[in-house]
Amino acid sequence: MCVLVEDPDLGELLDERRHAAAERAVIAPELRLAAGELSWEERFEHPLLGLLVLEGLLGVRMQIPGRTHLELLGPGDVVVPWTVPAVDGSTTSKVTWCAFATARLAVLDRSFCLTIRGLPEIHEALAARFVMRARRLAFQLAVNALRVVDERVLLTLWHLADRWGR
């Protein structure tokens, strides 16, 4: 599939001439996921840059004793679900993934990486997405620290509306 056709914002930093050429060249395999729990252990054989969510809504749940946190991921997010927190003897955690709806993802594999090696604008756009995901998680941490439940719910709903609202 043509990644820049599916996600035009990924190529927004390219000039018109380079964008047209990149649009034809930057392709990736498509992964379709049915709604339900997801397992990533044996899905990929080679190292990948990650998975680009094109459609659908994914959730990653981090569980620690006494607490659970859910991160929602949707179109435009880049995820690396097979990377899990290191387990040390002092803490325990469990990470689970699910698709809340049928989802389509682009597999940013080795071939994709080789294709974009001469396109620093796409690297920049992908790096920005990783940074934005980290910032959204920091925002969620701040919201979760609020004492008043009504404020937490309202800020979370506004945040989700800003991302995916119509």
Side-chain angles (χ1 to χ4, degrees), residues 1 3 6-10 26-113 116 122-123 125-166:
M1 117 195 49
V3 177
E6 294 287 337
D7 187 344
D9 293 342
L10 201 57
V26 179
I27 60 171
E30 182 178 303
L31 176 63
R32 290 185 179 267
L33 302 172
E37 294 294 320
L38 302 172
S39 174
W40 303 104
E41 284 79 25
E42 297 178 14
R43 197 174 282 260
F44 304 102
E45 296 178 16
H46 303 289
L48 306 174
L49 179 61
L51 303 171
L52 171 62
V53 181
L54 301 171
E55 291 178 6
L57 183 65
L58 303 179
V60 58
R61 184 173 283 114
M62 170 65 75
Q63 296 171 299
I64 60 171
R67 294 273 186 217
T68 298
H69 173 77
L70 176 66
E71 178 188 8
L72 296 176
L73 301 157
D77 285 321
V78 180
V79 299
V80 186
W82 47 87
T83 301
V84 295
V87 177
D88 59 27
S90 62
T91 61
T92 59
S93 64
K94 180 181 178 185
V95 177
T96 55
W97 286 79
C98 67
F100 291 109
T102 302
R104 282 190 328 115
L105 296 88
V107 179
L108 307 182
D109 60 8
R110 187 174 306 222
S111 177
F112 173 87
C113 292
I116 67 166
I122 294 178
H123 289 269
L126 288 168
R129 293 192 185 188
F130 284 120
V131 170
M132 286 307 300
R133 182 171 173 207
R135 292 210 173 123
R136 285 191 300 271
L137 284 170
F139 176 82
Q140 286 181 342
L141 285 171
V143 168
N144 289 345
L146 294 171
R147 293 180 183 256
V148 180
V149 173
D150 293 354
E151 291 176 7
R152 287 197 312 254
V153 171
L154 186 61
L155 281 172
T156 298
L157 291 174
W158 275 114
H159 176 70
L160 294 173
D162 287 341
R163 276 208 76 199
W164 298 310
R166 292 192 175 96

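Worth knowing before you read on, the calculation uses all heavy atoms, side chains too, and leaves out hydrogens, waters and symmetry mates.
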Discussion item. Tell me which pairs pass salt bridge (Lys or Arg N to Asp or Glu O under 4.0 Å) where either residue lies in residues 129-149, with sequence neighbours left out.
Written reply: D7-R129, E71-R133, D77-R136
Worksheet entry | Straight-line distance of L73 CG to L51 CG, nearest 0.5 Å | 11.0 Å
Discussion item. So D109 and P29, do their side chains get closer than 4.5 Å, heavy atoms only?
Written reply: yes
Worksheet entry | L52 versus G76, closest heavy-atom pair with distance | CD1-O, 3.7 Å
Practice prompt. Mind checking the NE2-CG spacing from H123 to L10? Nearest 0.5 Å is all I need.
Written response: 10.5 Å
Worksheet, complete the sentence: Rounded to the nearest 0.5 angstrom, the CD-CD distance for E6 and E55 is 7.0 Å
Worksheet item: Any side-chain heavy-atom pair from L141 and L137 closer than 4.5 angstrom?
Response: no
Discussion item. Is it the case that atom CD1 in I27 sees more than 12 heavy atoms from other parts of the structure closer than 6.0 Å?
Written reply: no
Worksheet item: V79 versus V60: any side-chain heavy-atom pair under 4.5 Å?
Response: no
Worksheet entry | Spacing of F139 atom CZ and D162 atom CG [to the nearest 0.5 Å] | 8.5 Å
Worksheet item: Backbone N or O of L146 within a donor-acceptor pair of the R152 side chain at under 3.5 Å?
Response: yes
Worksheet, complete the sentence: Closest non-hydrogen atoms of I64 and S93, given as atom of the first, atom of the second and distance, are CG2-CB, 4.0 Å
Practice prompt. Please report the closest heavy-atom contact between A34 and A99, naming both atoms and the distance.
Written response: O-CB, 3.6 Å
Fill in: Heavy-atom side-chain proximity of I122 to V3 below 4.5 angstrom
no
Worksheet entry | Close side-chain approach of R163 to L72, heavy-atom, < 4.5 Å | no
Item to complete: Determine, stepwise, if the pair L58 / L105 fulfils side chain to side chain contact (heavy atoms under 4.5 Å, CB included).
Response: CA-CA 11 Å; L58 303 179; L105 296 88; 4.1 Å; yes
Worksheet item: Below 4.5 Å, heavy atoms only, C-beta onward: do H69 and N144 meet side chain to side chain?
Response: yes
Worksheet item: Is L31 close to L33 at the side-chain level, that is, under 4.5 Å between some pair of heavy atoms?
Response: yes
Discussion item. Can you give me the closest heavy-atom contact between G50 and W82, atom names plus distance?
Written reply: CA-CH2, 4.0 Å
Practice prompt. For atom CH2 of W164, decide whether the heavy atoms of other residues, nucleotides or ligands shown that lie under 6.0 angstrom number more than 12.
Written response: yes
Worksheet, complete the sentence: Rounded to the nearest 0.5 angstrom, the OG1-CG distance for T102 and L57 is 11.5 Å
Response to the item:
What one should report as the nearest heavy-atom pair of G56 and P75 is O-CD, 3.5 Å
Response to the item:
d(D150 CG, L155 CG) to nearest 0.5 Å is 11.0 Å
